[in-house]
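Numbering of residues begins at 1 and proceeds along the displayed sequence.
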Amino acid sequence: MTTFDDRKKAFEDKFAHDEELRFKAKVKAAKLLAEWAAEQIGLPTDAYKTELVNMVTSGKDEDALLSKVHNDAVNKGKQLSKPAILEKFSELQNQARLHVTNH
């Protein structure tokens, strides 16, 4: 193998590792959001975690998660604004990234 091939393989390995960490952080953030939102809205935590994680694993983006939480809150008659949900989610994403990179 040449030096170029070695560097290419190392870059590909790092890219794959980084993508795996990003995915794990997304899943962790979805779980944390579900725990927080379920408590705020009054929903069963485990079922809500499963629902939000399934959204992440099926490729739904951040906006879809936030909209779901907001819509679920509205449907339960809870006052949970989109900006409040986004602020909490940003905080939880930071926690998730730290958790994933430290484990």
Student: Looking at every heavy atom in both A37 and Y48, which two are closest together, and how far apart are they?
Tutor: CB-CE2, 3.7 Å

Student: Test L43 against K76 for side chain to side chain contact (heavy atoms under 4.5 Å, CB included), laying out the working first.
Tutor: CA-CA 9 Å; L43 296 171; K76 283 285 203 169; 3.4 Å; yes

Student: Roughly how far, to the nearest 0.5 Å, is the CG atom of N75 from the CD1 atom of I41?
Tutor: 9.0 Å

Student: For the atom pair NE2 (H103) and NZ (K24), what is the distance rounded to the nearest 0.5 Å?
Tutor: 11.5 Å

Student: Got a salt bridge between E35 and K31, using NZ or NE/NH1/NH2 to carboxylate O under 4.0 Å?
Tutor: no

Student: To the nearest 0.5 Å, what is the distance between OG (S90) and CD (Q95)?
Tutor: 11.5 Å

Student: With K9, which of D6, D13, D5 fulfils side chain to side chain donor-acceptor pair (under 3.5 Å)?
Tutor: D13

Student: Would you mind reporting whether V100 and V27 have side-chain heavy atoms less than 4.5 Å apart?
Tutor: no

Student: Determine, step by step, whether K28 and L32 satisfy the side chain to side chain contact (heavy atoms under 4.5 Å, CB included) criterion, reporting the C-alpha distance in whole Å, the side-chain angles of both residues, the deciding distance to 0.1 Å, and the verdict.
Tutor: CA-CA 6 Å; K28 181 68 175 173; L32 293 171; 4.3 Å; yes

Student: For the residue pair K49 and A34, what are the closest heavy atoms and their distance?
Tutor: CA-CB, 3.5 Å

Student: On a heavy-atom basis, which atom in T57 and which in F23 lie closest, and how many Å separate them?
Tutor: CG2-CZ, 3.8 Å

Student: Are more than 12 heavy atoms from other residues, nucleotides or ligands located less than 6.0 Å from atom CD of E87?
Tutor: no

Student: How long is the span from the CG atom in D63 to the CG atom in L86, to the nearest 0.5 Å?
Tutor: 8.5 Å

Student: Are F89 and L98 linked, directly or through intermediate hydrophobic residues, by side-chain heavy-atom contacts shorter than 4.5 Å (ILVMFWY only)?
Tutor: no

Student: Could you grab the distance from atom NE2 of H17 to atom CZ of R22, nearest 0.5 Å is fine?
Tutor: 10.5 Å

Student: May I ask you to decide whether K68 forms a salt bridge with D72, counting only side-chain N to carboxylate O separations under 4.0 Å?
Tutor: yes

Student: Going from OG on S67 to NE2 on H70, what distance comes out if it is rounded to the nearest 0.5 angstrom?
Tutor: 8.5 Å

Student: What are the two closest heavy atoms between A29 and A96, and how far apart are they?
Tutor: N-CB, 3.5 Å

Student: If you count the non-hydrogen atoms of other residues, nucleotides and ligands that lie under 6.0 Å from CD in E19, is the total more than 12?
Tutor: yes

